[in-house]
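The sequence lines fix the lettering, A, B, ..., with proteins before strands; numbering per chain opens at 1.
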Number of protein chains: 2
Amino acid sequence: MAGEGGSSVTMKTLAERLGVSVTTISNAYSKPDRLSPELREQILSEAKLVGYCGPNAAGRALRSGKTDVCGFLFGGELAEAFADPYTVAFLAGLSETVERFGASVLLLRAPGDGEQAEEQLLQRAAIDAIVTCSPSSDHPGTRALAARGVRVVGAQDAESGDWVTINDTKAGRLVGKHLAGLGHRRIVVIVPGFAPEGEVVSLPADGSGCSRFAAERIRGLREKLPDASITVVCGGWKPKPAGRLAAAHVLDVQDRPTAIVALSDALALGVWDAARERGLTPGRDLSIVGFDDIPDAGFIGLTTVRQPITDKGRLAGRLAMDPDYPQRQITLPIELVVRSSTGPAPKN
Amino acid sequence: MAGEGGSSVTMKTLAERLGVSVTTISNAYSKPDRLSPELREQILSEAKLVGYCGPNAAGRALRSGKTDVCGFLFGGELAEAFADPYTVAFLAGLSETVERFGASVLLLRAPGDGEQAEEQLLQRAAIDAIVTCSPSSDHPGTRALAARGVRVVGAQDAESGDWVTINDTKAGRLVGKHLAGLGHRRIVVIVPGFAPEGEVVSLPADGSGCSRFAAERIRGLREKLPDASITVVCGGWKPKPAGRLAAAHVLDVQDRPTAIVALSDALALGVWDAARERGLTPGRDLSIVGFDDIPDAGFIGLTTVRQPITDKGRLAGRLAMDPDYPQRQITLPIELVVRSSTGPAPKN
DNA sequence: ATCGTTCACTTTAACGATCAACTTCGAGGT
DNA sequence: ACCTCGAAGTTGATCGTTAAAGTGAACGAT
């Protein structure tokens with residue numbers, strides 16, 4: 001009937017058929033109280049008849065500057081985002097709120113250095129606001145967005161602007177205190193980050209060279225473990241393999257650590273595998289601690305620092321969609337959940 | 001420096017500052033070979049200087065009709081999509097491919113009957129293509145999109161157009177044959193679908209009243225179990241609770257079934273819980289079968305019909321982004337994975 | 001009778017970019 | 001000297017919508 005490929009029924013079509021102005025058609029959709037109910041009804045039924053399905057998004061966005069889309073920025077391939085339970089839980093909360101505000105979520109990838117194509121994709125995104133999940137909200141691409149008038153909400157590592165985070169130093173302290181109490185003195189911290197494929201990189205133990213949140217957790221940890229030997233290593237971005245690789249690297253030496261602190265549960269899962277592969281029982285031969293408290297953590301008995309992940313997503317969505325929400329910088333509560341993966345340091 | 005809230009540096013700004021035409025600026029971004037490299041360099045550096053960050057998405061989309069966005073349509077609240085491992089795995093594949101085509105994924109919710117607001121959101125979405133995950137691609141909203149020129153790819157229950165699916169009848173047969181061989185004759189099928197909150201609905205055993213894919217699986221099942229008593233029930237959309245509720249309903253009667261077939265692993269997980277709550281050991285006292293083979297299925301030992309979920313997402317993305325891909329209707333291979341959740345029917 | 005208002009629309013002018021069709025200029029072939 | 005051709009730009013129209021300002025009629029208040 002109507003169109004075949006790309007039908008071009010526009011407001012103009014309707015306006016001509018009904019003998020009214022285009023603005024009136026527009027109002028029928030966007031400002032129903034500006035025209036008589038009868039006319040509006042007539043317009044809507046004519047629309048159905050000719051197969052007009054509402055204002056064109058591009059035209060609307062161009063003129064009004066609103067897109068009803070909230071971006072979600074992830075610092076890696078999107079496929080990885082879905083492989084990470086933390087991110088999935090966050091997205092659940094985010095999309096719930098965004099949906100409630102009558103908007104949709106656009107998944108975007110943060111461009112790495114020199115990734116032209118990705119950079120363009122991010123800059124060209126038609127969005128009203130963006131929530132940055134793993135990369136810092138001080139990322140250069142993000143700055144450009146902010147300059148363009150896009151509201152930016154950081155959900156990790158934000159230094160300025162709007163954010164929803166946890167107190168990472170405190171999180172580190174919780175773990176430090178717990179491990180100190182169990183007598184651990186040889187500790188390895190595994191952080192997410194860049195490492196050449198298949199290699200493990202050692203980093204300064206003061207947390208420099210790590211992302212901000214990592215540095216703060218390490219700081220908190222060291223505060224409560226002043227006389228412990230703490231090493232920081234990194235096995236890459238992809239959490240589970242990175243955790244496994246890094247753990248393998250530090251477990252296959254003479255003075256192996258008595259505890260491994262992985263900066264996310266997803267990393268810790270990889271550590272877990274590495275431990276089991278070596279016949280080490282978590283909690284007895286090797287203590288393992290994670291962060292986040294993803295569902296699997298409870299399942300396998302991983303000691304971790306819980307944060308309300310889905311709530312974080314919900315709040316981030318709120319800040320993104322509602323410019324009038326009063327509290328623009330939110331710190332969420334955290335809590336140490338002790339399970340079977342930690343125990344007294346084995347004597348050697 | 002440049003703008004404060006919504007800076008308005010456009011191509012025109014650049015054109016005037018450099019004394020060239022707007023089209024040339026446009027070409028510098030979209031068609032680099034249409035101008036001299038030197039001029040292009042000059043334009044890009046001036047852009048950086050004044051804080052111009054690439055063509056505005058809305059303007060571009062309006063004029064060219066391209067958005068570089070692929071929609072993902074889910075038939076329920078998006079938060080639920082993230083709670084369902086099947087959907088998450090599918091999204092991982094989808095976004096991987098879409099990303100490779102230089103586009104992004106927009107998460108959309110399929111409007112239910114009479115959901116005005118949602119309907120508008122879907123119709124107004126600025127997308128080039130859309131992949132329909134749980135709702136049928138014959139959904140009314142989807143038809144409207146197709147009329148607008150949006151490429152539609154069905155990833156379940158598609159009857160026409162482009163799709164990527166499995167052979168659901170065959171899937172049903174695989175399960176039917178397996179259960180027949182184990183001597184099961186009293187079987188309950190749990191389907192996803194609408195049920196009043198907290199209630200369990202009985203449906204015709206021929207699969208009518210179910211979604212298409214469910215009807216076909218039931219058909220295949222019955223084919224291999226001609227003399228069995230098969231009952232079909234539904235406990236709602238939210239998989240795990242629905243499975244638990246429906247299973248509870250059919251397990252608390254005198255002649256309880258010896259096998260429960262849940263049409264997704266997520267549903268089966270709920271059945272599992274219901275069984276354990278009643279002291280029934282899956283595989284001994286009650287056989288449980290799922291579909292999909294999500295990661296947790298392997299973990300707990302659920303017998304299921306495996307389908308390559310992530311590949312399905314990848315292919316759906318391919319069809320959505322590449323109109324020239326020759327094969328437009330793809331049936332993926334499936335395979336019965338027998339684990340410990342099924343066993344011989346207990347004699348009674 | 002006059003004024004101010006409200007109602008229900010219309011008119012005009014963008015929003016930012018891209019496309020199709022031209023121009024200009026110099027190089028190369030015959 | 002004449003014609004063709006490609007490279008490198010330009011011009012003008014247009015995509016579909018909405019904001020802002022304007023029109024004319026009806027109505028109540030003064």
Side-chain angles (χ1 to χ4, degrees), chain A residues 3 5-43 47 50-68 120 123-128 148-150, chain B residues 3 5-43 47 50-68 120 123-128 148-150:
Chain A
S7 84
S8 57
V9 197
T10 73
M11 289 191 173
K12 198 176 167 192
T13 320
L14 278 185
E16 276 162 6
R17 288 179 65 107
L18 293 170
V20 298
S21 75
V22 177
T23 301
T24 299
I25 309 290
S26 171
N27 286 337
Y29 286 91
S30 315
K31 294 169 184 163
D33 50 330
R34 287 216 190 159
L35 38 68
S36 63
E38 309 90 62
L39 180 54
R40 187 172 126 91
E41 261 322 301
Q42 206 186 331
I43 290 174
V50 300
Y52 176 74
C53 35
N56 169 295
R60 180 182 160 81
L62 177 57
R63 181 66 245 242
S64 71
K66 286 222 139 203
T67 60
D68 287 342
Q120 299 250 334
Q123 293 311 325
R124 283 183 186 176
I127 49 179
D128 293 337
R148 247 179 53 196
V150 172
Chain B
S7 84
S8 57
V9 197
T10 73
M11 289 193 173
K12 197 176 168 192
T13 320
L14 278 185
E16 278 162 5
R17 290 179 65 108
L18 291 171
V20 298
S21 76
V22 178
T23 303
T24 299
I25 309 288
S26 171
N27 286 337
Y29 286 91
S30 315
K31 294 167 182 165
D33 50 331
R34 288 215 189 160
L35 42 69
S36 65
E38 309 88 64
L39 180 54
R40 187 174 127 89
E41 260 323 300
Q42 206 185 333
I43 289 174
V50 300
Y52 176 73
C53 34
N56 170 294
R60 182 183 159 81
L62 177 58
R63 183 65 244 248
S64 71
K66 286 220 140 205
T67 60
D68 288 340
Q120 299 250 334
Q123 294 309 327
R124 284 181 184 177
I127 50 180
D128 293 338
R148 246 180 54 196
V150 172

Are the side chains of R124(B) and Y29(A) in touch, meaning some heavy atoms are under 4.5 Å apart? yes

Given E38(A) and Q42(A), is the side chain to side chain contact (heavy atoms under 4.5 Å, CB included) satisfied, shown in steps? CA-CA 6 Å; E38(A) 309 90 62; Q42(A) 206 186 331; 5.9 Å; no

Q123(A) and C53(B): which non-hydrogen atoms are nearest, and at how many Å? CB-O, 3.4 Å

List the atom of A15(B), the atom of S21(B), and the distance in Å for their closest heavy-atom pair. CB-C, 3.9 Å

Could you tell me how far apart E16(A) (CD) and dT10(C) (C1') are, to the nearest whole angstrom? 15 Å

Tell me the interatomic distance from N56(B), atom CG, to dT18(C), atom P, rounded to whole angstroms. 9 Å

What's the NZ-C1' distance between K12(A) and dA13(D), to the nearest Å? 12 Å

From CZ of R40(A) across to P of dC9(C) the rounded distance in Å is 13 Å

For the backbone of A28(A) and the side chain of R40(A), can you confirm whether one donor and one acceptor N or O come within less than 3.5 Å of each other? yes

Nearest-0.5 Å distance, OG1 of residue T13(B) to CG of residue L18(B): 10.5 Å

Using the side-chain heavy atoms of T24(A), tell me which of these nucleotides is nearest: dT10(C), dT10(D), dG16(D). dT10(C)

Check DNA chain D against residues 26-35 of chain A and give the residues with a non-hydrogen atom under 4.0 Å, in numerical order. S26(A), S30(A), K31(A)

Closest of dT10(C), dC15(C), dA17(C) to the L62(A) side chain is dC15(C)

In whole angstrom, what separates R124(A)'s CZ from dG16(C)'s P? 16 Å

Ignoring the backbone of S64(B), work out which of dT10(D), dC19(C), dG16(D) is nearest its side chain. dC19(C)

Nearest whole Å is fine: how far is dG9(D) P from L18(B) CG? 12 Å

If you take atom types as modelled and just measure distance, does the side chain of T23(B) reach the base of dT11(D) with a donor-acceptor pair under 3.5 Å? yes

Just call it for L39(A): base, sugar-phosphate, or nothing, with non-hydrogen atoms closer than 4.0 Å on any strand. sugar-phosphate

Nearest 0.5 Å, please: how far is CG in N56(A) from CZ in R63(A)? 15.0 Å

What is the separation between atom CD1 on I25(B) and atom P on dG9(D), rounded to the nearest whole Å? 11 Å

From N27(B) atom CG to L35(B) atom CG, the distance as rounded to the nearest 0.5 Å: 6.0 Å

Remember a base hit wins even if backbone is also touched, and classify V20(B) as base, sugar-phosphate or nothing at under 4.0 Å, heavy atoms. sugar-phosphate

OP1 or OP2 of dT18(C) under 4.0 Å from side-chain N/O of R60(B): yes

Tell me: NZ of K66(B) to P of dT18(C), nearest whole Å? 13 Å

For a quick check, tell me whether the side chain of R63(A) and the base of dT17(D) share a donor-acceptor pair closer than 3.5 Å. no

Which residue lies toward the 5' end of DNA chain D, S21(B) or G59(B), if each is placed at its nearest nucleotide? S21(B)

Looking only at the side chain of P55(B) (C-beta and beyond, no hydrogens), which of the listed nucleotides dA17(C), dT18(D), dT10(D) gets closest? dA17(C)

